[in-house]
Q: 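Handing you a structure now.
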2 protein chains.
Amino acid sequence: MAEQAIPTSGTAERDAGPIRARKHRGATSGASRPATIYDVAAAAGVSHQTVSRYLKGFEGIRPETRAKVERALADLEYRPNLTARSLTTGRSRRIGALTHDIDKYGPSKLLGAASAAARDAGYVLDIVTLDTGDTASITQALAMIAEHDVEGILALSSTDEMTSAFERIDFRVPALIATELDEPVRVESQLATVGMPALVRHLSSLGHRTILHLAGPSQWSAARNRTRALASATAEDGLTIVRTIEGDWSAASGYAAIKVLADLDATAIVSANDQMALGAMLALGERGLSVPGDVSVTGIDDIPDAAFFCPPLTTLRMDLNGSGRDAVRELISRIDGSEAHDPRAVQSELIVRRSTGPAPR
Amino acid sequence: MAEQAIPTSGTAERDAGPIRARKHRGATSGASRPATIYDVAAAAGVSHQTVSRYLKGFEGIRPETRAKVERALADLEYRPNLTARSLTTGRSRRIGALTHDIDKYGPSKLLGAASAAARDAGYVLDIVTLDTGDTASITQALAMIAEHDVEGILALSSTDEMTSAFERIDFRVPALIATELDEPVRVESQLATVGMPALVRHLSSLGHRTILHLAGPSQWSAARNRTRALASATAEDGLTIVRTIEGDWSAASGYAAIKVLADLDATAIVSANDQMALGAMLALGERGLSVPGDVSVTGIDDIPDAAFFCPPLTTLRMDLNGSGRDAVRELISRIDGSEAHDPRAVQSELIVRRSTGPAPR
DNA sequence: AACGGCGATGTTACCGGTAATATCAAGGAG
DNA sequence: CTCCTTGATATTACCGGTAACATCGCCGTT
């Protein structure tokens, strides 16, 4: 109440100093614009630089000065203006996230994990979604992100178009595509229960020798990765992939793949994700084939619904939370110039449910 | 090549003028920092203000001046710095989005639609996710968003905690919770095929009179909205809700609800979303009840997988894309101070599949 | 007692834009 | 022919911070 913008006494004049005048801010709080460090400095009777130093955590401030600043900060409900800070420091504490298919399980799970990891590190994610996966739309989205002054760029959909855009464009900031590692790392002590080898061994131990592979779209690196892992694991265990059909991750594509097939030729279907497995199981039912009596079916991801499919789906649980988090941490460490963490393979774990059973004779 | 930061001749001095000196930028392009309007102005031999005016689309610029500016802009690959612009204008072109359960279908679908609508209007979404829905975590997230200088705030999860946080906090910017409208609007011409009344009429016409209601968590406004719509529609058609069990949207909760039930007492189960319906159907199967032979089951949302459940699920397709888009448009119109659109009810459409059939005698 | 060093604080410049004001040349009126 | 007006452009101030440098008072030294 006593404080005014225009000095009316010698004391006030000395306190305020010849600092840049603020035109507004009558009372200490209210509907006026948020307080700046200049307002705080004036209220505390110090220079704005002292306030800035305090906020930065600078030690060498006398206790009484410190107390005045703290008091003023609290009185004025000061909140730093990140825009102004980022203009001088170049640090915006923002990461651009690029994604399409955000309503699909994988990308949205990754996004959630990435966002949580970013928040914990004091960053927010600027998200830009793509309607289509074509190069033009990716380029345009990247331009949009770039204008918004992000410190790093994270892509949550790892397709060939995305990869090529990332290789072609000079971002001036660290950029990263969150993806499953191309070469799965073997965790020696858990080899038998981890990942695709475990899945294949499970099928093999049930007597299956012939596999129909429902693959993901080949321009996705995750799809290629899964296909490669399956090929390598089946080769090792002596199983045969009698047929590979490429879907688009959707249940509809899994359904269509099985529906149009003249002959199944296999006792097990290994799908690159749970949704396609779901579609496949429905189509099998409509052909009069029972799961797992006639055909065993497996998925990948372990989406929450998979445990309630009919029958509940045997699948590989992917640690997408972990990979989203790791991707952001890796990106932030590149931003900060600190040492990168070791890139870790996505952890996966075999979840056996009722969709797999002994191979029919 | 000929241009240098330090004037070495009268000509250069006149061209550059007594403007703030730039220390860097030797060649016109390369690994140096991005060009500013001052660089462009120097290259074009005009003042930075002329460049600014050009960028703003100001008309009164002489054609030859305009040409010089355009040339310089292209040569230097100028990209505006949104941070600097937003510091003076107060327009950041950012909307803060607050959400949890982003890996669930509803929120992620809303987010995708919101992001697309924002992008089309030149905004990006700053997303902050919540681990938990409690008030403290919401408050903290909102503080984080506020620092990041957004022009509006959009919540994508409409729970009581969110609502109360929104009422308690003064954001200084428009804030909006994306939610289904509390009072469904009736589209007269389509009354019979739209929304909950259509769903109930469908069950009624199949001879069902008793309904078990699998409700969503009551702190979600969408859950309350759906429950209310069901109550009103059943009352109108003379059906009885014999029991209401509250789940948490997950298939697991739908499964558990039916699993522990001593007696079903109803010929139809109306679930507040598709996932709980999925869980319920599995539990029904395990009790030896067939769908739809013994019990009919319906969901809400029409998630992409619902058409491939076993059996495929009769459900209400919700236009979440539309509501996400509308929420952002509404928010942006409030930001711009323009007239708000009419709030529209979420459009929903009855999708009849095989999970509903004639009531058993 | 004069002085150098140093810790605490104040002053100025700068980030990259936009807004407001100033300048300047050309054209029209008196 | 001079003055005023006006359109085009230049200059300056400002947004809210941070960084670099300047200042000032107090201390111990010789």
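Here the structure is a predicted model, which means the values were calculated and not measured. Side chains included, hydrogens not; waters and symmetry mates left out as well; all remaining heavy atoms used. Residue numbers start from 1 in every chain, and the chains themselves are labelled A, B, ... in the order their sequence lines are given, proteins ahead of strands.
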Q: Can a donor-acceptor pair under 3.5 Å be found between the side-chain atoms of A:R53 and the base atoms of C:dG10?
A: yes

Q: What is the separation between atom CG on B:D39 and atom P on C:dG17, rounded to the nearest whole Å?
A: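 That distance rounds to 9 Å.
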
Q: For DNA chain D, determine which residues of residues 54-74 of chain B have any heavy atom closer than 4.0 angstrom to one of its atoms, and list them numerically.
A: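 Within this stretch, B:G60, B:I61, B:R62, B:T65 sit under 4.0 Å of the strand.
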
Q: Send over the distance from A:L82 CG to D:dC15 C1', rounded to a whole Å.
A: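 So the two atoms are 15 Å apart, to the nearest Å.
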
Q: Taking NE2 from A:H48 and C1' from C:dA13, how many angstroms apart are they, rounded to a whole number?
A: 10 Å

Q: Would you kindly give the NE2-to-P distance between B:H148 and D:dG17, to the nearest whole Å?
A: 14 Å

Q: Which donor-acceptor pairs under 3.5 Å do the side chains of residues 143-154 of chain B make with protein atoms, sequence neighbours left out?
A:
residue	atom	partner	partner atom	Å
B:D149	OD2	A:T83	OG1	2.7
B:E151	OE1	B:R91	NE	2.6
B:E151	OE1	B:R91	NH2	3.0
B:E151	OE2	B:R91	NE	3.4
B:E151	OE2	B:S92	N	3.0
B:E151	OE2	B:R93	N	2.6

Q: Taking only side-chain N and O atoms of B:Y38, does any of them lie within less than 4.0 angstrom of OP1 or OP2 on C:dT18?
A: no

Q: Round to the nearest Å and state the distance from A:E147 atom CD to C:dG17 atom P.
A: 11 Å

Q: Taking atom CD as the centre, does B:E70 end up with more than 12 heavy-atom neighbours from other residues, nucleotides or ligands that are less than 6.0 angstrom away?
A: yes

Q: Considering only C:dC14, D:dT12, D:dA19, which nucleotide approaches the side chain of A:T88 most closely?
A: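 Nucleotide nearest to A:T88's side chain: C:dC14.
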
Q: Round to a whole Å and report the spacing from CD1 of B:I37 to C1' of D:dA10.
A: 13 Å

Q: Please determine whether a side-chain nitrogen of the Lys or Arg among A:D120 and A:R325 lies less than 4.0 Å from a carboxylate oxygen of the Asp or Glu.
A: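 Looking at A:D120 and A:R325, the cut-off is not met.
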
Q: How many whole angstroms separate atom CZ of B:R85 from atom C1' of C:dG16?
A: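 Going from CZ in B:R85 over to C1' in C:dG16 covers 10 Å.
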
Q: Of the nucleotides D:dG17, D:dT12, D:dG16, which has the atom closest to the B:L87 side chain?
A: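 Per side-chain heavy atoms of B:L87, the pick is D:dG16.
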
Q: Are side-chain N/O atoms of A:S108 and B:S108 paired as donor and acceptor at under 3.5 Å?
A: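 Their side chains do not contain a donor-acceptor pair, so the 3.5 Å distance test is not met.
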
Q: Heavy-atom nearest nucleotide on DNA chain D for A:T89 versus B:T50: which residue maps closer to 5'?
A: B:T50

Q: What is the distance, to the nearest angstrom, from the CD atom on B:Q49 to the C1' atom on D:dC14?
A: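 Computing the B:Q49:CD to D:dC14:C1' distance gives 13 Å.
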
Q: For the residue pair A:T36 and A:D39, confirm or rule out a side-chain donor-acceptor distance under 3.5 Å.
A: yes

